[in-house]
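It should be emphasised that the depicted structure is a prediction, and the values quoted were computed from it without experimental measurement. Order of the sequence lines sets the chain letters (A, B, ...), proteins ahead of strands, with each chain counted from 1.
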2 protein chains.
Amino acid sequence: MATIDDVAKAAGVSASTVSYVLSGKRPISPRTRERVERTIRDLGYRPHAGARALASSRSNVIALMVPFRPGINVQIIMQFVAGVVSAARAHDHDVLLLTQDDSSGVDRVASSSMADAIIVMDIEAEDERLPALRSLKQPSVLIGVPSDPSGLSCVDLDFTAAGRLAVRTLTDAGHRRLALIGASQERFDRRANYAVRMRAGATEEAELRGADCAVLPCEPNFAGGTAALERVLDEMPGVTGLVVHNELALPGVMSALERRGVRVPEDISVVAIGAADTGTALARELTGIDVPGEDIGRVAVEMVMAQLDGEALSSTRLVSPDVTPRGSVAAPAV
Amino acid sequence: MATIDDVAKAAGVSASTVSYVLSGKRPISPRTRERVERTIRDLGYRPHAGARALASSRSNVIALMVPFRPGINVQIIMQFVAGVVSAARAHDHDVLLLTQDDSSGVDRVASSSMADAIIVMDIEAEDERLPALRSLKQPSVLIGVPSDPSGLSCVDLDFTAAGRLAVRTLTDAGHRRLALIGASQERFDRRANYAVRMRAGATEEAELRGADCAVLPCEPNFAGGTAALERVLDEMPGVTGLVVHNELALPGVMSALERRGVRVPEDISVVAIGAADTGTALARELTGIDVPGEDIGRVAVEMVMAQLDGEALSSTRLVSPDVTPRGSVAAPAV
DNA sequence: ATGAAAGCGCTAACAA
DNA sequence: TTGTTAGCGCTTTCAT
């Protein structure tokens with residue numbers, strides 16, 4: 001591998017000049033720049049990442065901690081990751097993959113200077129990793145909002161607004177008796193922010209609109225979905241609008257609807273909240289609020305970069321939800 | 001951050017001794033070792049990754065190139081990744097995430113010495129990345145087998161055997177008229193190894209057992225699945241055994257079966273090939289061949305490590321498939 | 001069993 | 001506008 005000295009020699013300049021051509025941190029005459037750039041290309045020169053990191057104390061790597069626990073929505077995870085990686089590349093950074101269960105990962109990566117910053121996904125209300133993150137010298141960004149986000153930067157979908165929007169979509173169509181099939185009881189028990197805020201937004205908005213919104217926690221799988229739907233049909237006969245905030249249960253819900261002969265949207269209107277392409281496992285697409293995974297990942301990277309550039313205090317950014325009509329909402333039958 | 005000199009000073013030894021305590025590359029007296037280790041713990045010392053990489057020309061990082069194109073089975077991707085990451089950690093390595101569309105990723109990572117080796121997923125028959133990989137100084141391992149694997153190391157499920165096994169599972173139960181709902185036409189056209197070999201194994205085994213096996217390419221989505229199943233029912237009335245090798249189409253297939261009133265396994269037996277937890281989007285679990293994503297990822301890392309240790313030539317390792325009975329196969333009706 | 005010292009390849013003062 | 005030089009923190013030979 002060619003080194004910076006090889007390039008310098010071949011181009012007839014000093015090593016620092018090559019370095020400055022690459023970094024743009026000081027003016028270079030057009031002639032020199034041209035010559036150096038040609039040499040770099042000819043030799044196929046690439047700075048040694050380690051040497052650069054050592055000298056500049058910047059690795060140009062950001063670490064990303066991804067959850068791999070079961071019952072998680074892999075679809076959306078991949079979207080986040082894709083967003084993070086592509087945004088990072090756009091800022092000339094690479095991404096180091098950490099997993100949730102690698103408990104010492106944050107410390108290791110931080111204190112060995114492998115990464116300049118850390119993005120952590122799937123944050124719980126009382127996340128165990130928060131203390132470690134707070135005491136880091138590197139900046140970090142959380143995807144998800146803990147109950148105490150002080151001193152930390154967070155991004156997430158605005159789930160309160162999403163709850164409101166989902167309900168409003170139904171009440172605007174004329175529905176007054178709604179049911180929310182939401183996250184699992186376990187998620188609510190652990191006060192998972194997204195589950196709790198979604199529910200809060202939905203119930204508040206329902207109240208505001210003079211509507212009724214029952215909430216059913218639901219296991220994140222097919223059987224959970226069918227079970228929840230059975231309960232709605234059997235115990236809440238007046239319900240004409242359904243909000244489903246549980247991608248893994250959604251196939252179960254839809255299948256049960258069909259089996260019970262309930263038509264969508266003629267008999268029941270459905271609004272889904274989840275990854276954009278959840279519909280692929282379904283017979284039909286649903287009107288819904290697509291969690292913009294890629295966008296959120298992108299924003300996380302922007303926040304990281306801002307912090308690395310010395311701008312930006314810790315703050316929480318909530319991305320506004322949008323509803324995409326796909327024909328599963330209509331006026332209730334009279 | 002504490003440096004190796006800080007540790008050396010505090011422990012009253014030289015920096016090289018600290019280094020050797022850490023690497024175990026030369027004998028250290030128990031007393032010294034003890035003292036140094038205590039100091040390391042007290043100071044929370046961690047070697048600077050860049051400095052280490054610079055001095056040793058080893059980054060302890062392996063790069064993993066992950067596909068993000070649509071129509072891919074995210075489930076299985078995540079399993080591979082999980083397997084790779086955990087195996088890498090077991091070998092004291094971290095994982096750098098590269099994406100398919102980052103075309104220069106391989107070169108960048110290799111020639112900047114960011115990674116000691118590269119694992120590439122989702123290999124096509126005539127993969128464009130092969131030349132770059134062949135000319136690398138770092139070792140690489142492909143997940144998937146190209147049409148010409150010479151000079152490269154590959155791991156994959158043995159799809160030929162999987163095809164055979166799926167068919168044999170059905171013929172052993174007494175079925176003689178089978179249909180294989182496989183990958184999309186586009187995959188076959190590009191001669192994707194897994195699709196082609198799976199089909200070959202299935203048809204060979206069918207012939208061997210005196211059975212008949214129709215092959216239907218199928219779009220990787222719900223509609224594709226229903227369409228393929230409709231064709232089976234309408235154009236191949238004698239079929240009693242179904243092999244589905246297309247996870248994204250599987251929900252469509254199962255839903256269409258139910259809608260047409262075809263019972264599983266009473267009327268038709270079904271064998272599925274795919275990610276272990278594909279069943280979560282389905283009403284019922286299916287007898288099937290679970291692609292052992294984590295295992296394959298793990299094997300890829302083992303192969304990488306072997307190459308880094310100077311053992312191991314390039315070779316292809318095919319992991320043997322197993323069938324897991326889940327009650328969707330029975331003897332055909334008489 | 002341990003230490004001293006020479007790099008590894010780069011960046012960023014400091015000089016000119 | 002460019003060059004010289006002193007590290008960055010570690011590994012590893014060479015000495016002892």
Side-chain angles (χ1 to χ4, degrees), chain A residues 1-37 39-40 43-61 92 108-116 137 308, chain B residues 1-37 39-40 43-61 92 108-116 137 308:
Chain A
M1 292 286 88
T3 72
I4 199 171
D5 282 315
D6 298 336
V7 175
K9 216 146 290 174
V13 298
S14 73
S16 62
T17 296
V18 177
S19 176
Y20 285 119
V21 165
L22 251 19
S23 72
K25 289 189 181 172
R26 83 181 182 190
I28 302 283
S29 76
R31 283 195 60 255
T32 312
R33 164 182 304 283
E34 161 63 20
R35 201 141 35 85
V36 170
E37 280 170 348
T39 314
I40 288 177
L43 299 184
Y45 166 72
R46 256 317 173 183
H48 186 289
R52 174 172 270 188
L54 181 55
S56 66
S57 36
R58 278 279 235 138
S59 62
N60 273 37
V61 166
D92 194 34
R108 178 165 40 83
V109 158
S111 55
S112 67
S113 299
M114 297 194 77
D116 297 333
K137 61 176 194 308
L308 286 175
Chain B
M1 290 287 88
T3 72
I4 200 172
D5 282 315
D6 297 336
V7 175
K9 216 146 290 173
V13 298
S14 74
S16 60
T17 296
V18 177
S19 176
Y20 284 118
V21 166
L22 250 19
S23 70
K25 289 189 180 171
R26 84 178 180 190
I28 302 282
S29 75
R31 284 196 61 254
T32 313
R33 165 182 305 283
E34 160 63 21
R35 202 142 34 85
V36 170
E37 281 171 347
T39 313
I40 288 177
L43 299 185
Y45 166 72
R46 239 25 120 165
H48 185 289
R52 174 172 271 186
L54 179 55
S56 67
S57 40
R58 277 281 234 135
S59 62
N60 273 39
V61 166
D92 195 33
R108 178 164 41 82
V109 159
S111 57
S112 67
S113 299
M114 295 194 79
D116 298 332
K137 60 175 197 306
L308 287 175

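The residue B:S19 sits close to a base: some heavy atom pair falls under 4.0 Å. Within 4.0 Å (heavy atoms only), B:T32 reaches sugar-phosphate atoms of the nucleic acid but no base atom.
When the nearest nucleotides of DNA chain C are assigned to A:L54 and B:S16 by heavy-atom distance, the more 5′-ward of the two goes with B:S16. Ranked by how close their nearest DNA chain C nucleotide is to the 5' end, A:M1 and A:R26 are led by A:M1.
A donor-acceptor contact shorter than 3.5 Å is absent between the side chain of A:D92 and the backbone of A:N60. Judged purely by atom type and a 3.5 angstrom limit, A:S19 has no side-chain atom pairing as donor or acceptor with the backbone of A:A15.
The separation between A:Y20 atom OH and C:dA13 atom P is 7 Å, rounded to whole Å. In this structure, A:R31 places its CZ atom 12 Å from C1' of D:dT1, rounding to the nearest Å. Rounded to whole Å, the distance from CD1 on B:I4 to C1' on C:dA4 is 14 Å. Rounding to whole angstrom units, CG of residue B:D6 and P of D:dG9 are separated by 9 Å. A straight line from CG of A:D5 to C1' of C:dC10 spans 9 Å, rounded to a whole angstrom. In this structure, the CG atom of A:L43 is 15 Å from the C1' atom of C:dG9, given to the nearest Å. Separating the NZ atom of B:K25 from the P atom of C:dA1 is a distance of 18 Å, rounded to the nearest angstrom. With rounding to whole Å, A:E34 atom CD is found 17 Å from D:dT1 atom P.
Considering all non-hydrogen atoms of both residues, A:R58 and A:L308 come closest at NH1-CD1, 3.6 Å. Here the shortest heavy-atom pairing between A:K137 and A:A110 reads NZ-O, 3.3 Å. Minimum heavy-atom separation, B:M114 to A:V61: CE-CG2, 3.6 Å.
The shortest distance between the side-chain N/O atoms of B:S14 and the OP1/OP2 oxygens of C:dT2 is not below 4.0 Å. Contact check, B:R52 against D:dT11: a side-chain N or O comes under 4.0 Å of OP1 or OP2.
With distances taken from any side-chain atom of B:Y45 to the nucleotides D:dC10, D:dT12, D:dT2, the minimum falls on D:dC10.
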